[in-house]
Amino acid sequence: MLKFFFYVLFLIPLSYYGYWWFIFFMLILLMYMFMYSYVGLLIFGNLSYYLGCDLISYSLIMLSFWICALMIMSSDGIYFLNYYFNLFIFFVLVLFIFLYLSFCSLSLIMFYLFFESSLIPTMFLIFGWGYQPERLQAGMYFLFYTLFSSLPMLLSILYFYSFFGSLSFFLIFKNDFYYYIFYLSMIMSFLVKIPVFLVHLWLPKAHVEAPVSGSMILAGVLLKLGGYGLYRVMGMLLISGIYYNYILVGIGLLGGFYVSLICIRQSDLKSLIAYSSVSHMSLVMSGIMTSSYWGIYGSLILMLAHGLCSSGLFCLVNFVYDRLGSRSLCIIKGLLGFMPSMTLWWFFLSAYNMAAPPSLNLMGEIVLLNSLLSWSLVTIWLLMFMTFFSAVYTLYMYSYSQHGLGFSGIYSFGASTSREYLLIFLHWFPLNIIIFVSSILLI
């Protein structure tokens, strides 16, 4: 695993010399090298000193490669305008290194260290390349929500180490704690990162103020760090989970339903997609909290699907924002007449966002529905409303943006570039391909 780390590390000096597209192609090449390096299934492989990966971390590292490469591709305006693009690509590479080390750490304290470190380059992306002056407030929200919840986790990790003597993922599942303070402090940081309803307010602010690349990495990978962390620590919290998990499943499903209603009254497109991320990730958290095989791997499938689909939707919103200078649904109506060829991609990604076949989102939701209904039949009511309103707000977003009478200030058509079509295709295409190999996850 170290060889891939050093590969990316040695790309960093190239960022100062303006090798924008060279770094993009090197990341794609490295992704293919990493794809064929993994041979295990449900066991850790590619082991080195404190680094390794199993199926879940392998999938999320591949997602990180893909999204970080597409971040560079989507932000070529920064390169052409010479808007500190050297610093931008430096922060993208540093962020990728922290994500890579987070997902392939085999020790809980190393995972915590890199998990929190990923906050810093993301905050710089929001501060440096965001759109409005409010990005400073959004960055502070992002910083303090995450740091406030991470200190109890650090204390609980140190307490666990003093008691047990090891923080290796191979060993910590051998122990069970049933102190509710330990349980809450250990998972609170992950609940904020997912984010779960009640601690989700930083996410819409961060998304609205972030540049397109910041929104892509936030929705695509950073939210998945929370789900991955929950998966890793639930092994040491199984006894506590018997007593307390039902509370979090209830908060996740109720919050997902409530946020679905909030989505329907959003006028800002970016804010609507950000709230829809909260709804989807609440379902992911509920699946992990069932502590069942189907719940964990259904959550993984939905995390991969949501990372690609949500990132693609943020790209589409950015295309509109670049041309019209607004994301308000009151102004950008009638995009079918303004950008007719892009409407097909709006339709594809909107359909996949509400889990229409043959998308990976559908498979993830079916597996999660199975796990939650087998956990408790009471959840059927909330799941029914969540899936219904998921379709409602997605249709609302699609129909209000593409149809209707266009704003009178828009008098021309917006020709899209081949780079933009390729970018959206590279988000949409894996959603159709991964479903053919997803049987590996459910063996």
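Side chains are part of it too, since the values below use all heavy atoms of this structure and drop only hydrogens, waters and symmetry mates.
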To the nearest 0.5 Å, what is the distance between [atom1] on [X] and [atom2] on [Y]?
{"X": "I296", "Y": "L368", "atom1": "CD1", "atom2": "CG", "result": "11.0 Å"}
{"X": "I61", "Y": "L99", "atom1": "CD1", "atom2": "CG", "result": "10.0 Å"}
{"X": "I97", "Y": "F4", "atom1": "CD1", "atom2": "CZ", "result": "14.5 Å"}
{"X": "F314", "Y": "L269", "atom1": "CZ", "atom2": "CG", "result": "10.0 Å"}
{"X": "M303", "Y": "L223", "atom1": "CE", "atom2": "CG", "result": "10.5 Å"}
{"X": "M71", "Y": "S213", "atom1": "CE", "atom2": "OG", "result": "4.5 Å"}

Can you name the nearest heavy-atom pair linking [X] to [Y], along with the distance?
{"X": "S185", "Y": "S156", "value": "OG-CB, 3.5 Å"}
{"X": "V320", "Y": "S326", "value": "CG1-O, 4.3 Å"}
{"X": "I12", "Y": "V94", "value": "CD1-CG2, 4.1 Å"}
{"X": "S260", "Y": "S279", "value": "OG-OG, 3.2 Å"}
{"X": "S57", "Y": "R232", "value": "OG-NH2, 4.0 Å"}
{"X": "N46", "Y": "C53", "value": "ND2-SG, 4.4 Å"}

Starting from the C-alpha separation in whole Å, work towards a yes-or-no answer on side chain to side chain donor-acceptor pair (under 3.5 Å) for N353 and S350. CA-CA 5 Å; N353 193 52; S350 297; over 6 Å; no
Sub-6.0 Å ring centroid separation between Y58 and F34: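 Ring centroids of Y58 and F34 are less than 6.0 Å from each other.
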Looking only at atom types and distance, does a side-chain atom of [X] sit under 3.5 Å from a main-chain N or O of [Y], one as donor and one as acceptor?
{"X": "D76", "Y": "I72", "result": "no"}
{"X": "N370", "Y": "L373", "result": "no"}
{"X": "K270", "Y": "A210", "result": "yes"}
{"X": "K224", "Y": "S64", "result": "no"}
{"X": "S271", "Y": "S267", "result": "no"}
{"X": "H207", "Y": "K205", "result": "no"}
{"X": "S105", "Y": "S107", "result": "no"}
{"X": "Q137", "Y": "E134", "result": "no"}
{"X": "S399", "Y": "L395", "result": "yes"}
{"X": "T379", "Y": "L372", "result": "yes"}

Take W20 and F80, measure what ring pair (Phe, Tyr, Trp, His ring centres under 6.0 Å) needs, and give me the verdict at the end. CA-CA 10 Å; W20 180 275; F80 289 125; 8.5 Å; no
Among W294, Y293, Y297, which residue meets the side chain to side chain contact (heavy atoms under 4.5 Å, CB included) test with S371? W294
Measure the acute angle between the ring planes of [X] and [Y], then classify it against the limits of 30° and 60° as parallel, tilted or perpendicular.
{"X": "Y400", "Y": "Y396", "answer": "tilted"}
{"X": "Y79", "Y": "F85", "answer": "perpendicular"}
{"X": "F348", "Y": "Y352", "answer": "tilted"}
{"X": "Y131", "Y": "Y321", "answer": "tilted"}
{"X": "F96", "Y": "F65", "answer": "tilted"}

Among Y112, Y231, F115, Y228, the one residue meeting ring-ring contact (aromatic ring centres under 6.0 Å, His included) with F190: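 When ring-ring contact (aromatic ring centres under 6.0 Å, His included) is applied between F190 and each of Y112, Y231, F115, Y228, only F115 qualifies.
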More than 12 heavy atoms from other groups under 6.0 Å of [atom1] on [X]:
{"X": "F124", "atom1": "CZ", "result": "no"}
{"X": "Y83", "atom1": "OH", "result": "yes"}
{"X": "W21", "atom1": "CH2", "result": "yes"}
{"X": "I380", "atom1": "CD1", "result": "no"}
{"X": "Y19", "atom1": "OH", "result": "no"}
{"X": "Y7", "atom1": "OH", "result": "yes"}
{"X": "F148", "atom1": "CZ", "result": "no"}

Cation-pi check, R135 onto F127 ring (under 6.0 Å, within 45° of axis):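 No - R135 does not lie over the ring of F127 by the 6.0 Å and 45° rule.
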Is Y421 close to W345 at the side-chain level, that is, under 4.5 Å between some pair of heavy atoms? yes
Evaluate the side-chain proximity of N361 to I301: yes if any heavy-atom separation is below 4.5 Å, no if none is.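 Side chain of I301 against side chain of N361, heavy atoms only: no contact under 4.5 Å found.
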Using side-chain contact (heavy atoms from CB on, under 4.5 Å), reason through L191 and L248 one step at a time and then give a plain yes or no. CA-CA 9 Å; L191 298 184; L248 289 171; 3.7 Å; yes
Run the side chain to side chain donor-acceptor pair (under 3.5 Å) check on Y183 and N245 step by step: do they pass? CA-CA 10 Å; Y183 173 83; N245 273 4; 2.5 Å; yes
With ring pair (Phe, Tyr, Trp, His ring centres under 6.0 Å) as the test, would you mind laying out the steps for F5 and Y100 before giving the verdict? CA-CA 8 Å; F5 164 70; Y100 176 78; 7.2 Å; no
From CA spacing to verdict: side-chain contact (heavy atoms from CB on, under 4.5 Å), L87, F91: CA-CA 6 Å; L87 268 177; F91 282 125; 4.2 Å; yes
Pairing of R327 and E209 as salt bridge, 4.0 angstrom limit: no
Kindly determine whether Y398 and W346 satisfy ring pair (Phe, Tyr, Trp, His ring centres under 6.0 Å), including the steps that lead there. CA-CA 7 Å; Y398 176 76; W346 273 100; 7.6 Å; no
